[in-house]
Colleague: 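The following block contains the structure, expressed as structure tokens.
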Amino acid sequence: MPGISNSIRDLRAAHTMTQQDLADRIGVTRQTVIAIEQDKYSPSLEVAFRIAHVFAVPLDQVFQYAPPRTKQK
């Protein structure tokens, strides 16, 4: 599926962190974390960097981008 996907759920599990724990650390609501995890909401760049910082990983380890496929003629 093209677009932005993320590995937040896996990173949280590896760090035994709840959605609320992550929300508190990055300054958003738990509902925002849920929406980001479910790919229903793309966070601002600042929030994306905060998430990466919490897990001490590069941004591209948290978020991945798959460009849409172009139709071949």
Side-chain angles (χ1 to χ4, degrees):
M1 180 176 169
I4 296 175
S5 61
N6 69 75
S7 56
I8 295 171
R9 184 173 287 129
D10 294 336
L11 288 165
R12 279 193 313 98
H15 289 81
T16 58
M17 186 179 294
T18 66
Q19 290 170 332
Q20 187 64 58
D21 292 337
L22 179 58
D24 291 343
R25 294 194 57 187
I26 63 173
V28 300
T29 65
R30 185 177 67 85
Q31 289 77 13
T32 300
V33 171
I34 291 167
I36 294 170
E37 281 187 359
Q38 295 177 348
D39 297 324
K40 293 181 179 179
Y41 174 74
S42 293
S44 68
L45 192 54
E46 181 179 350
V47 170
F49 273 105
R50 285 185 200 159
I51 294 168
H53 180 76
V54 164
F55 296 119
V57 297
L59 189 61
D60 63 353
Q61 190 173 331
V62 181
F63 296 95
Q64 302 79 41
Y65 176 70
R69 296 179 188 211
T70 57
K71 292 182 181 180
Q72 295 184 356
K73 295 180 181 182

Colleague: Do M17 and V54 come within less than 4.5 Å of each other through their side chains, counting heavy atoms only?
Modeller: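 M17 vs V54: side chains touch.
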Colleague: List the residues meeting side-chain contact (heavy atoms from CB on, under 4.5 Å) with L59, not counting sequence neighbours, and say none if there are none.
Modeller: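 L45, A48, F49, A52, F63.
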Colleague: Which residue pairs satisfy the side chain to side chain donor-acceptor pair (under 3.5 Å) criterion with at least one member in residues 42-51, sequence neighbours excluded?
Modeller: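 For residues 42-51: E46-R50.
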Colleague: Return each pair, listed once, that meets salt bridge (Lys or Arg N to Asp or Glu O under 4.0 Å) where at least one residue sits in residues 29-38; pairs must be two or more places apart or across chains.
Modeller: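 Those involving residues 29-38 are R9-E37, R12-E37.
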Colleague: Could you tell me the separation between the CG atom of L22 and the CD1 atom of I34, rounded to the nearest 0.5 Å?
Modeller: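 Here the interatomic distance stands at 11.0 Å.
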Colleague: Any pair with a residue in residues 6-44 that passes ring-ring contact (aromatic ring centres under 6.0 Å, His included), sequence neighbours left out, goes on the list, sorted by first then second residue, please.
Modeller: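 Found H15-F55.
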Colleague: Can you measure from CD1 (I26) to NE2 (H53) and round to the nearest 0.5 angstrom?
Modeller: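 If we round to the nearest 0.5 Å, I26:CD1 and H53:NE2 are 12.0 Å apart.
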Colleague: Can you list the residues that meet the side chain to side chain donor-acceptor pair (under 3.5 Å) rule with S7, with sequence neighbours excluded?
Modeller: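 Expected list: none.
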Colleague: What residues, two or more places apart in sequence or in another chain, satisfy side chain to side chain donor-acceptor pair (under 3.5 Å) together with D39?
Modeller: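 Applying side chain to side chain donor-acceptor pair (under 3.5 Å) to D39 gives N6.
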Colleague: Could you list the residues that satisfy side-chain contact (heavy atoms from CB on, under 4.5 Å) with D24, not counting sequence neighbours?
Modeller: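 Scan of D24 (side-chain contact (heavy atoms from CB on, under 4.5 Å), adjacent residues dropped) gives Q20.
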